[in-house]
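These notes concern the structure reproduced below.
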Amino acid sequence: MALLDTSIRGGLVKIRIAVVVCVAMLLGGVGAQAEDAKLINGYRPTWWKDAVVYQIYPRSFKDSNGDGIGDLKGITSKLDYIQGLGVTVIWLSPHYDSPNADNGYDIRDYRKVMTEFGTMADFDTMLAGIKKRHMRLIIDLVVNHTSDEHRWFVESRKSKDNPYRDFYIWRSPKDGHEPNNDPSFFSGSAWQLDPTTGQYYLHYFAVKQPDLNWDNPKVRSEVYALMKFWLDKGVDGFRMDVIPLISKDQTFPNLTPEQLANIGKAYANGPHMHEYIQEMNREVLSKYDVMTVGEALGISLEQTPLMVGDQRHELNMIFNFDAIRLNRGAGNKWRAWTLPELKAIYARHAAELDAHSWDTVFLSNHDSPRAVSTFGNDTDTYRVASAKLLTTMLLTLRGTPFFYQGDELGMTNYPFQKIGDFDDIEVKNAYKAQVLTGKVSEADYIANLRRTSRDNARTPMQWDTTANAGFTTGTKPWLAVNPNYTKINAAQELKDPDSPYIYMQKMVKLRQATPAFVYGDYKDLDPPNPAIFAYTRTLGADRYLVVLNFSDHPADFVLPDGITPGRLLISNEDGTEPSAGTLHLNAWEARVYRD
Ligand code: TEU
Ligand code: CA
């Protein structure tokens, strides 16, 4: 009996386990089905996928105290203006204490607000103002390097056995010279000899931006602690500065000529990069509802899923620089680009990044010339139309769109004339390295900068037609205001129904009402077309057609078989042409149809 009992009991236990397993599987199945049910076209909807991001460069946004330098109170005073666009996330370029060797991308104290920008109370007021308007804030995480005035480095350079020595990368001279031939992004060697200990320290950017040694676990835990400091204050995420560069091949072999031609690629994707980002995710990011976007210099499209794949537990999205740097050849030289080249990039993105690897879409930031001057036509005739066309494209392509302050107004590049007009350390260092050494003529150097320089994006925001475009009540803005502010400014555009600002408002509204523009499939209808960029976004039965004329001339577009335009939803011109098989578009005309 007992035996029987035990076998029956044994049997019963087995059955019970089987039942539990079935129920679990069912629930799991059901759970999975429920999870899948939440998917849209295979995408797991999240707030940062359907976000529209507005980048603020605080030094140039709005000055509130007349010292000619933008500040946090200035940003708070313009939150209604930003909310008016319908954007849902603000990305704030660095606001931390800094000696500004690289305008804040050289941080001296990660838990202190830059004196020029205000106080921590000003930051809290700004953050509260953003949240009150149902927007979110992501801040800039600059932890590949610090300022050389950061206490960690001040300590580190004191002696070879200082407890902070290993926070940075020190190497002894090789045959009396730099440890290897690594160049800095800002001209010259990436190694700086420090007389105190007679050793070199590594700085991929400026001499005043020594690289942190991420192989030191103390460094990583310090970084995770400062991230938590800001997340606990209610910040909604990070834009991570040159994050692919944090892990170095610490044997520092000399770079080959091929590597020297693309040092971003040579320095990126080091041996522990993924390991450290996964650790950061485990230790910090996974504990908060955050948005993370990596500035992925040196990372190819093919490598992107390894950084953003939703099973990788690293980042939500990254910036690939293939589109925004289409106008750059070797050595930062300007190059002409073609529309098929641009379209090919978006086609590759659509092919390479599936529903598990989210993307970003952007044509401007604080490191690049103005979008309308680079990808549109900034002459008086076509500036407004082409600015609106770019807005249409960015808000209907796949990926989270990022706009840079002033894009909504169609602000243009600045007419730089001489080296004295520039502030950027990248420009000043390269001037010494290229012009003063006679390698490049001053005229060619300045001419190239007029189309490529970062300072084109850093001229003060143009608020109105008063002195200094209303950016400051002071006499001298930190960087000259673009003289075209009398024609291009927010005050005028807010009351002009045909302005780029008002058009962006409408386009953002349309995107937020149209899941197909976020989660829909993308198809380029005519990749080789030299003037027309036409594509569809399809989500289930919903199909949208976007047609953009990227040229100074009217152009016809014959719709491929089976594609009927449908109803015109919006156009940057009062296009009333009846929808037919062939569309006649004016120069820089943009249209969005719904089938
Ligand atoms: O930029 C890295 C980067 O991509 C730029 O250096 C770019 O290659 C170059 O400037 C193009 O002209 C990040 C920040 O966005 C930039 O502002 C900082 O200067 C840099 O890192 C160092 O922090
Ligand atoms: Ca100020």
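Throughout, numbering of the chain's residues begins at 1 and tracks the sequence.
With contacts defined as side-chain heavy-atom distances shorter than 4.5 Å, the pair Arg108/Arg151 does not qualify. Counting heavy atoms from C-beta outward, Asn482 and Thr412 have side chains that approach closer than 4.5 Å. Two residues are said to be in side-chain contact when any heavy atoms from C-beta on lie closer than 4.5 Å; Asn269 and Ile299 meet this criterion. For the pair Leu245 and Phe205, the minimum side-chain heavy-atom distance is below 4.5 Å. Within the 4.5 Å cutoff, the side chain of Tyr431 has heavy atoms near those of the Glu442 side chain. Using a 4.5 Å heavy-atom cutoff, the side chains of Asp71 and Arg59 are not in contact. Using a 4.5 Å cut-off on side-chain heavy atoms (C-beta onward), Leu92 and Ile75 make contact. Within the 4.5 Å cutoff, the side chain of Thr374 has heavy atoms near those of the Pro369 side chain.
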In sequence, state the C-alpha distance, the side-chain angles, and the governing distance for Arg335 and Glu341, and then conclude on salt bridge (Lys or Arg N to Asp or Glu O under 4.0 Å).
CA-CA 12 Å; Arg335 67 176 286 272; Glu341 284 179 325; 2.7 Å; yes
Let me see the working for Trp358 and Trp48 under side chain to side chain contact (heavy atoms under 4.5 Å, CB included), right down to the final yes or no.
CA-CA 10 Å; Trp358 192 244; Trp48 42 264; 3.9 Å; yes
The test is side chain to side chain contact (heavy atoms under 4.5 Å, CB included); show your working for Val293 and Ile318 and say whether it passes.
CA-CA 5 Å; Val293 52; Ile318 62 172; 5.6 Å; no
If you apply the rule side chain to side chain contact (heavy atoms under 4.5 Å, CB included), what do you find for Trp337 with Asn327, and how did you get there?
CA-CA 6 Å; Trp337 57 278; Asn327 72 333; 4.1 Å; yes
Go through it in stages, so that I can follow the logic: the residues are Asp407 and Arg370, the test is salt bridge (Lys or Arg N to Asp or Glu O under 4.0 Å), and I'd like the CA-CA distance, side-chain angles, deciding distance and then a yes or no.
CA-CA 8 Å; Asp407 287 348; Arg370 286 278 174 187; 3.6 Å; yes
Going through the distances and angles, do Lys49 and Asp359 end up as a salt bridge (Lys or Arg N to Asp or Glu O under 4.0 Å)?
CA-CA 9 Å; Lys49 285 192 181 112; Asp359 202 354; over 6 Å; no
Does the side chain to side chain contact (heavy atoms under 4.5 Å, CB included) test come out yes or no for Leu202 and Tyr200, once each step is laid out?
CA-CA 7 Å; Leu202 181 73; Tyr200 287 89; over 6 Å; no
May I have the step-by-step check of side chain to side chain donor-acceptor pair (under 3.5 Å) for Arg312 and His274, ending in yes or no?
CA-CA 9 Å; Arg312 294 283 299 175; His274 287 293; 3.3 Å; yes
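Cation-pi check for Arg111 over Phe229 is met; the charged atom lies under 6.0 angstrom from the ring centroid and within 45 degrees of its normal. The side-chain tip of Arg165 points at the ring of Trp170 from less than 6.0 angstrom away and within 45° of straight on. With Trp214 as the aromatic partner, Arg220 does not meet the cation-pi criteria of under 6.0 angstrom to the ring centre and within 45 degrees of the ring axis.
Side-chain contact, Gln250 with Asp215: a donor N or O sits under 3.5 Å from an acceptor N or O. When only modelled atom types and interatomic distance are considered, Asp378 and Ser373 share a side-chain donor-acceptor pair under 3.5 Å. Between Asp63 and Thr472, the side chains place a donor N or O and an acceptor N or O closer than 3.5 Å (distance only, hydrogens not considered). Checking Tyr105 against Ser93 by side-chain atom types alone, a donor-acceptor pair falls below 3.5 Å. In summary, the side chains of Tyr224 and Arg282 do not present any donor paired with an acceptor at a separation below 3.5 Å, with no hydrogens or angles considered. Side chains of Asp211 and His145: no donor on one and acceptor on the other come within 3.5 Å. Under the 3.5 Å distance criterion, with hydrogens and angles disregarded, a donor-acceptor pair is assigned to the side chains of Asp289 and Trp47. Residues Asn213 and Asp166 bring a donor and an acceptor atom of their side chains to less than 3.5 Å of each other. Of the N and O atoms on the side chains of Tyr201 and Asp148, not one donor lies less than 3.5 Å from an acceptor on the other residue. The closest side-chain donor-acceptor pair between Asn456 and Ser453, if any, does not fall under 3.5 angstrom. Between Glu116 and Asn100, the side chains place a donor N or O and an acceptor N or O closer than 3.5 Å (distance only, hydrogens not considered). Of the N and O atoms on the side chains of Asn144 and Asp241, not one donor lies less than 3.5 Å from an acceptor on the other residue. No side-chain donor from either of Ser156 and Asn162 sits under 3.5 Å from a side-chain acceptor of the other.
A pairwise comparison of heavy atoms in Pro244 and Ala296 identifies CG-CA, 3.5 Å as the closest pair. Across every non-hydrogen atom of Gly237 and Val290, the tightest pair is CA-CB, 4.0 Å.
Dense packing is recorded around CD of Glu302, with more than 12 heavy atoms of other residues, nucleotides or ligands lying under 6.0 Å away. At most 12 heavy atoms of other shown residues, nucleotides or ligands fall within 6.0 angstrom of atom NZ in Lys476. For Lys287, the NZ atom counts as densely surrounded, since its 6.0 Å shell holds more than 12 non-hydrogen atoms of other residues, nucleotides or ligands.
Every residue meeting the side-chain hydrogen bond (donor to acceptor under 3.5 Å, both in side chains) condition with Asp322, not counting sequence neighbours, appears here in chain and number order: His349. Take Glu222 and apply the side-chain hydrogen bond (donor to acceptor under 3.5 Å, both in side chains) test, not counting sequence neighbours, and it matches no residue. Under the rule for a salt bridge (charged side-chain N to carboxylate O under 4.0 Å, His left out), Asp106 has no partner lying at least two apart in sequence or in another chain. Under the salt bridge (charged side-chain N to carboxylate O under 4.0 Å, His left out) criterion, Asp236 pairs with Lys131, not counting sequence neighbours.
Of the candidates Tyr110, Phe167, Tyr164, His150 forms a ring-ring contact (aromatic ring centres under 6.0 Å, His included) with just one, namely Tyr110.
A salt bridge links Asp367 to Arg458: one of the charged nitrogens lies within less than 4.0 Å of a carboxylate oxygen.
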Considering only distance and modelled atom types, tabulate donor-acceptor pairs under 3.5 Å from the side chains of residues 419-428, sequence neighbours left out.
residue	atom	partner	partner atom	Å
Asp421	OD1	Lys418	NZ	2.6
Asp421	OD2	Gln417	N	2.7
Asp421	OD2	Lys418	N	3.1
Asp423	OD2	Asn103	ND2	3.3
Asp424	OD1	Glu426	N	2.9
Asp424	OD1	Arg454	NH2	2.9
Asp424	OD2	Arg454	NE	2.7
Glu426	OE1	Arg454	NE	3.2
Lys428	NZ	Asp423	O	3.4

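Side-chain rings of Tyr168 and Phe153 approach one another, their centers coming within less than 6.0 Å. Taking the six-membered ring for Trp and the full ring otherwise, the centers of Tyr54 and Phe403 sit at least 6.0 Å from each other. The six-membered or imidazole ring of Tyr96 lies near that of Trp230, with a centre-to-centre distance under 6.0 Å.
The list of ring pair (Phe, Tyr, Trp, His ring centres under 6.0 Å) pairs with a residue in residues 287-320, not counting sequence neighbours, reads Trp91-Phe319, Phe319-Phe362, Phe319-Phe402.
The aromatic rings of Phe533 and Tyr346 sit parallel, their planes meeting at an angle under 30°, below the 60° perpendicular limit. Ring geometry for Phe123 against His95 counts as parallel: the plane angle stays under 30°, on a 0 to 90° scale with 60° as the upper cut.
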